[in-house]
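Here the structure comes first, spelled out in structure tokens, and everything after it is commentary.
Letters A, B, ... mirror the listed sequences (proteins, then strands); counts begin at 1. Side chains included, hydrogens not; waters and symmetry mates left out as well; all remaining heavy atoms used.
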Number of protein chains: 2
Amino acid sequence: MAQSDTVDRILDAAEELFAERGFAETSLRMITSKAGVNLAAVNYHFGSKNSLIQSVFARFLTPFSATLESEFDELEARPGDRQLTVEEILGALTGSAVRMPQRNEWGISIFMRLLGLAYTQSQGHLREFLEDEYREVFSRFMSLLKRATPELSPVDRYWRIQFMLGATAFTMSSSDALRDILQTKTGVETPIQEIAARLIPFLAAGMQAPELMRTPRAEASVI
Amino acid sequence: MAQSDTVDRILDAAEELFAERGFAETSLRMITSKAGVNLAAVNYHFGSKNSLIQSVFARFLTPFSATLESEFDELEARPGDRQLTVEEILGALTGSAVRMPQRNEWGISIFMRLLGLAYTQSQGHLREFLEDEYREVFSRFMSLLKRATPELSPVDRYWRIQFMLGATAFTMSSSDALRDILQTKTGVETPIQEIAARLIPFLAAGMQAPELMRTPRAEASVI
DNA sequence: GTGTGTTTTAAACATACGTTTAAAGCAAAA
DNA sequence: TTTTGCTTTAAACGTATGTTTAAAACACAC
């Protein structure tokens, strides 16, 4: 085991297995055998499986949120104070994901997939951890989005942010997509940037769609 | 146990627990104790946990897809052959969900949440089962959507359908939302129809957004 | 080289899971 | 009443999980 790179080997293996199979479906024995370390190493270095999960996310999210903050700084410090567009704000997100120092070529895919799982699998401890740890960046993103969509009612804005989150997290967490991506890792690059590029116009258009008119006619066309 | 309503009691309990906690996180012992039946009853009546999961879906999806088929029939049989809109097609989906005979007032929420889980949790057997069982309705929906968005390239249409699915399934499967919905079950009705009503303009706008222009300028604004 | 604090190891622990078994219970037919 | 077929029951099975233990191995300062 050379010198103690045990911690990193565990994090690498866990990250990949979690992304492939989810949290509950990945056992510590799978992780440690893939990492080539002893079973007890996880509890020795991380304390528990739950805090291993949190560590996997922290390793991703801390540099990502730092990059995102500076991306937001740039956007807001531009000459003239014209309004930011939804596209620009969403672009900052994917831009940060791409710019962020990558551990390997399909790092972004795994990152997105894990984010999707985080919201999808009901891991109470993870949700609390993420909300506590990255509250700042998230609320900054929210207020930027609020300024970019002044015409939306708060309740519609709330729901549409949920919709965006859903489209993104779900798409990224679809295991088939991941399989395809990993399968094409022989190609020049992962198509994840392309998915993001296709996603942004969809989200931006949805975000800025006219609000539902509450007339009888519109009502009837909707139920 | 009156007469043998054991099967239904198991299905009811399983459906609710699966929606709350996911498949892997719900044990047969939780299900049978909630249903008030013996542990062995599941394996006796359903054979295995996996086929119990499939039965839960079949009980939902079979009447739903029947309703949806007839809704599609109505749409297509309208006088004059003007083009269907995306809103109308999506409306048929939510319309079917609402019209479908409900077992209880928050049946739709649970139904949507389960659908989200089905795509999200990597249950290979479930995917196969759903694809085999409901292939027809799904491909009919796809071809309707294709006729409603002739300007889209096939690859963009494919991804945008994924995005729609994601926004819907994710929103409906957000456990917080479910908790709120169940919490307000004392109120007049579940707000799920309202969510659907807010969702449709978002999805329709996203679906019909102009495709990404592959010019250097647009490229730069996106990465 | 000895001693010390950290890391790794193999083994066991307690618990939970899905599934199976064999006996008991039960309703309707003979 | 006895028999028959289906259903329910309590108990056990085998396996897998996360976690803990105590000894061994190791690296490094003295």
Side-chain angles (χ1 to χ4, degrees), chain A residues 1-59 117-118 121-129, chain B residues 1-58 114 117-118 121-129:
Chain A
M1 197 82 3
Q3 64 263 33
S4 174
D5 51 352
T6 306
V7 168
D8 286 316
R9 296 171 63 95
I10 292 176
L11 285 173
D12 288 341
E15 163 184 305
E16 205 166 320
L17 285 170
F18 286 154
E20 267 173 26
R21 333 184 0 113
F23 305 113
E25 295 83 355
T26 301
S27 71
L28 291 185
R29 284 167 175 81
M30 293 178 198
I31 294 170
T32 52
S33 83
K34 175 171 188 134
V37 304
N38 187 272
L39 166 63
V42 169
N43 288 277
Y44 176 77
H45 287 287
F46 295 92
S48 69
K49 183 183 179 179
N50 275 355
S51 78
L52 167 62
I53 295 177
Q54 295 174 8
S55 300
V56 167
F57 275 87
R59 190 169 66 150
L117 286 179
Q121 322 236 118
S122 60
Q123 299 267 352
H125 69 96
L126 225 194
R127 247 189 139 103
E128 287 172 28
F129 171 79
Chain B
M1 197 81 3
Q3 63 264 32
S4 173
D5 51 351
T6 306
V7 168
D8 286 318
R9 296 171 63 93
I10 292 176
L11 285 173
D12 288 341
E15 164 184 305
E16 205 166 319
L17 285 171
F18 286 154
E20 268 174 25
R21 332 182 5 109
F23 304 113
E25 295 83 355
T26 301
S27 71
L28 291 185
R29 284 167 176 84
M30 293 178 198
I31 294 171
T32 52
S33 83
K34 175 171 190 136
V37 304
N38 188 272
L39 166 63
V42 169
N43 288 277
Y44 176 76
H45 287 288
F46 296 92
S48 69
K49 183 183 180 180
N50 275 355
S51 78
L52 167 62
I53 296 177
Q54 294 174 9
S55 300
V56 167
F57 275 87
L114 285 176
L117 287 179
Q121 324 236 119
S122 58
Q123 300 265 351
H125 69 96
L126 225 194
R127 248 189 139 102
E128 286 171 29
F129 171 77

List, with names and distances, any nitrogen or oxygen atoms from the protein found under 3.5 Å away from nitrogen or oxygen atoms belonging to nucleotides 16-23 of chain C.
{"unit_1": "C:dC17", "atom_1": "OP1", "unit_2": "B:Ser27", "atom_2": "OG", "d": "3.2"}
{"unit_1": "C:dG18", "atom_1": "OP1", "unit_2": "B:Lys49", "atom_2": "NZ", "d": "2.8"}
{"unit_1": "C:dG18", "atom_1": "OP2", "unit_2": "B:Leu28", "atom_2": "N", "d": "2.8"}
{"unit_1": "C:dG18", "atom_1": "N7", "unit_2": "B:Arg29", "atom_2": "NH1", "d": "2.8"}
{"unit_1": "C:dG18", "atom_1": "O6", "unit_2": "B:Arg29", "atom_2": "NH2", "d": "2.9"}
{"unit_1": "C:dT19", "atom_1": "OP2", "unit_2": "B:Asn43", "atom_2": "OD1", "d": "3.3"}
{"unit_1": "C:dT19", "atom_1": "OP2", "unit_2": "B:Lys49", "atom_2": "N", "d": "3.0"}

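Using a 4.5 Å cut-off on side-chain heavy atoms (C-beta onward), A:Val37 and A:Val42 make no contact. Looking at heavy atoms from C-beta onward, A:Asp8 lies in side-chain contact with A:Arg59 at the 4.5 angstrom threshold. Looking at heavy atoms from C-beta onward, A:Thr6 lies in side-chain contact with A:His45 at the 4.5 angstrom threshold. A heavy-atom distance below 4.5 Å is not found between the side chains of B:Ile53 and B:Phe129.
Side chain of A:Arg9 to backbone of A:Ala35: a donor-acceptor contact under 3.5 angstrom is found.
Per the geometry, CZ belonging to B:Phe46 stands 12 Å off P belonging to D:dT7, to the nearest Å. For the pair B:His45 NE2 and D:dG5 P, the computed distance is 19 Å after rounding to whole Å. Rounded to whole Å, atom P of D:dA27 lies 13 Å from atom CG of A:Asp5.
Residues meeting the side chain to side chain donor-acceptor pair (under 3.5 Å) test with B:Arg29, sequence neighbours left out: none.
In terms of phosphate contacts, B:Thr6 brings no side-chain nitrogen or oxygen within less than 4.0 Å of OP1 or OP2 of D:dT7.
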